[in-house]
Number of protein chains: 2
Amino acid sequence: MAGFVAHFTNRLDAKGRVSIPASFRAVLARDGFEGLYCITSSHCDAVDAGGNDLLAEINKRSEAFTKLSPDHDALAVALFGASESPKIDGDGRMTISDMIRDHTGITDHVTFVGMNYKFQIWEPEKFREYRAEAQRRALAMLSGQAPAPSQGEPS
Amino acid sequence: MAGFVAHFTNRLDAKGRVSIPASFRAVLARDGFEGLYCITSSHCDAVDAGGNDLLAEINKRSEAFTKLSPDHDALAVALFGASESPKIDGDGRMTISDMIRDHTGITDHVTFVGMNYKFQIWEPEKFREYRAEAQRRALAMLSGQAPAPSQGEPS
DNA sequence: TGTTTTCCCATGGTATCCCATAAGAACCCA
DNA sequence: TGGGTTCTTATGGGATACCATGGGAAAACA
C-alpha cells in the first residue's frame, strides 16, 4: 500500500472531535504508530500531519544546525513550538486544538488531504479554493506541452 | 513518543508556583528523571529547561574546551552560575525563582515552549514577539540553504 | 515567633474511555 | 444475480480520569 491518498471531509462533534479517515489510520499503523504529529504549515492555512516519517523529516531539518546556537533555537521554536502531538482515541478520532482552529479557521467540518508521506488538515472551503488555485498553476506549468490530464472527483 | 513539543501558557499562583505541562513531565519521566535543570539563555529572554538530555548537550558543548584551561573554567562558571535545579512538587509544579523572574520578566503567566530535546520558559508576551521573529528566520534558513539531499520538496 | 517553603487535599473544567447507533460497504450463498 | 447478512466506519453521548489551580496545614527556616 502507498502513503496517504485521496481526501475526505468529516464532521466535528460537540466535543471538538473528528474521525481520522480509516485509510489514513491504516497507513499510520503500518508505519509503526507512536503518535500523530501535527505542525502548522508556514505557507498556507493548513496543518501538516503524519507519523514517524514526518517527524523524521522535521528532525533532519533541525539537525543541520548546532544545538544551543541562536539559529537552532529559532528553528526549534518554529518547528516544535508550533506543533503538537494529539492523542487518537479508541475510535480513531482526534481533537482539534485551539492552535489548529486558529491556524486553519476550522469550525464544524474538517477536510483531510492525503499527500503521500503526510496529510493535511484544512477547513473545507479554504481547501476548495486552494485546490482550484493549485490546479490553475498546474495547468499553466503544463501548458506548453501535453494536454492536462483529466481526473475524477473523489468525495 | 518524541521530545518536548507544542507550547502551553499556565498561570502563576500566589505562592509563585506554576504547573509544568503534563506532557512535558511525561517526557522528563520517560528519559529517566533525576531533576529539572534550568539555565538562562544567553541570547534571548528565556530560560532553557530540561532533564538529562539538556545536561548532556551542555556537557558536550563544554568538552570542546580542554579542562583546566581558562576558557573551560570561564565557560563552566558562566554555565553553572546561571543555572539552577528547581524542585518539582507532588502535583507537578515548580516555583519560579527570582533569577528566572529577572531574566524573563515573568509576572503572572508562564509560557512553556517545547523544543524537542529541551523546553523554554517565557513571559507570554515576549514569547509571542520572539515566535514571530523565529518563524521568519526559520523560513529563511530552510529555504535559503539546507538543500535536503533526500527526497524533493519540503512541505 | 514570624515567615517562607513543602506537603496534602479539594475542585472545576476538560479530555479520555467506553458503549450505542445508523448508514453504508463488503460479503456470502442460494 | 439478487437479497439478505455481517463488518466497517463515522458519529453521538454518558461516565470516568486527568490536569491545572487554589488553599490549608505541617514543616523548615531565620
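Within every chain, numbering begins at 1; the chains are lettered A, B, ... in the order of the sequence lines, protein sequences first and strands thereafter. Fair warning: this is a prediction, and the values are worked out from it, not measured in the lab.
Atom pair Met94(B):CE and dA20(D):P shows a separation of 14 Å (rounding to whole Å applied). The separation between Asp108(B) atom CG and dT21(D) atom P is 11 Å, rounded to whole Å. The CG atom of Asp13(B) sits 18 Å away from the P atom of dA10(C) (whole-angstrom rounding). One atom, CG of Asp91(B), and another, P of dC8(C), lie 9 Å apart when rounded to the nearest Å. Computed from coordinates, the Lys15(A) NZ to dT11(D) C1' distance equals 11 Å when rounded to whole Å. Taking atom CG of residue Leu12(A) and atom P of nucleotide dG13(D), one finds them 14 Å apart after rounding to whole Å. Atom pair Ile88(B):CD1 and dT21(D):P shows a separation of 15 Å (rounding to whole Å applied). Atoms CD1 (Ile96(B)) and P (dT21(D)) sit 12 Å apart, rounded to a whole Å.
Of the side-chain N and O atoms in Arg25(B), one or more sit less than 4.0 angstrom from OP1 or OP2 of dA20(D). The phosphate of dC17(C) (OP1 or OP2) has no side-chain N or O of Arg17(A) nearer than 4.0 angstrom.
Asn52(A) contributes a side-chain N or O that, together with a main-chain N or O of Gly32(A), makes up a donor-acceptor pair within less than 3.5 Å. For the pair Asp89(B) (side chain) and Asp91(B) (backbone), a donor-acceptor distance under 3.5 Å is present.
Residue-to-nucleotide contacts include a donor-acceptor pair under 3.5 Å from the side chain of Arg93(A) to the base of dG12(D). Taking only distance into account, the side chain of Asn10(B) never meets the base of dC19(D) through a donor-acceptor pair shorter than 3.5 Å.
Within 4.0 Å of Asp89(B), counting heavy atoms only, lies no atom of the nucleic acid at all. Among the atoms of the strands shown, only primed sugar atoms or phosphate atoms (P, OP1, OP2) are found under 4.0 Å from some heavy atom of Ile20(A).
For Phe8(B) and Phe112(B), the distance between ring centers is not under 6.0 angstrom.
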Residue pair Glu63(A), Lys60(A): steps toward the salt bridge (charged side-chain N to carboxylate O under 4.0 Å, His left out) verdict:
CA-CA 5 Å; Glu63(A) 276 164 9; Lys60(A) 195 163 56 188; over 6 Å; no
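Considering Val110(B), Thr111(B), Thr104(B), Thr9(B) in turn, Thr111(B) is the only one that fulfils the side chain to side chain contact (heavy atoms under 4.5 Å, CB included) rule with Trp122(B).
Between Lys87(B) and Gly90(A), the residue whose closest nucleotide on DNA chain C is further toward the 5' end is Lys87(B).
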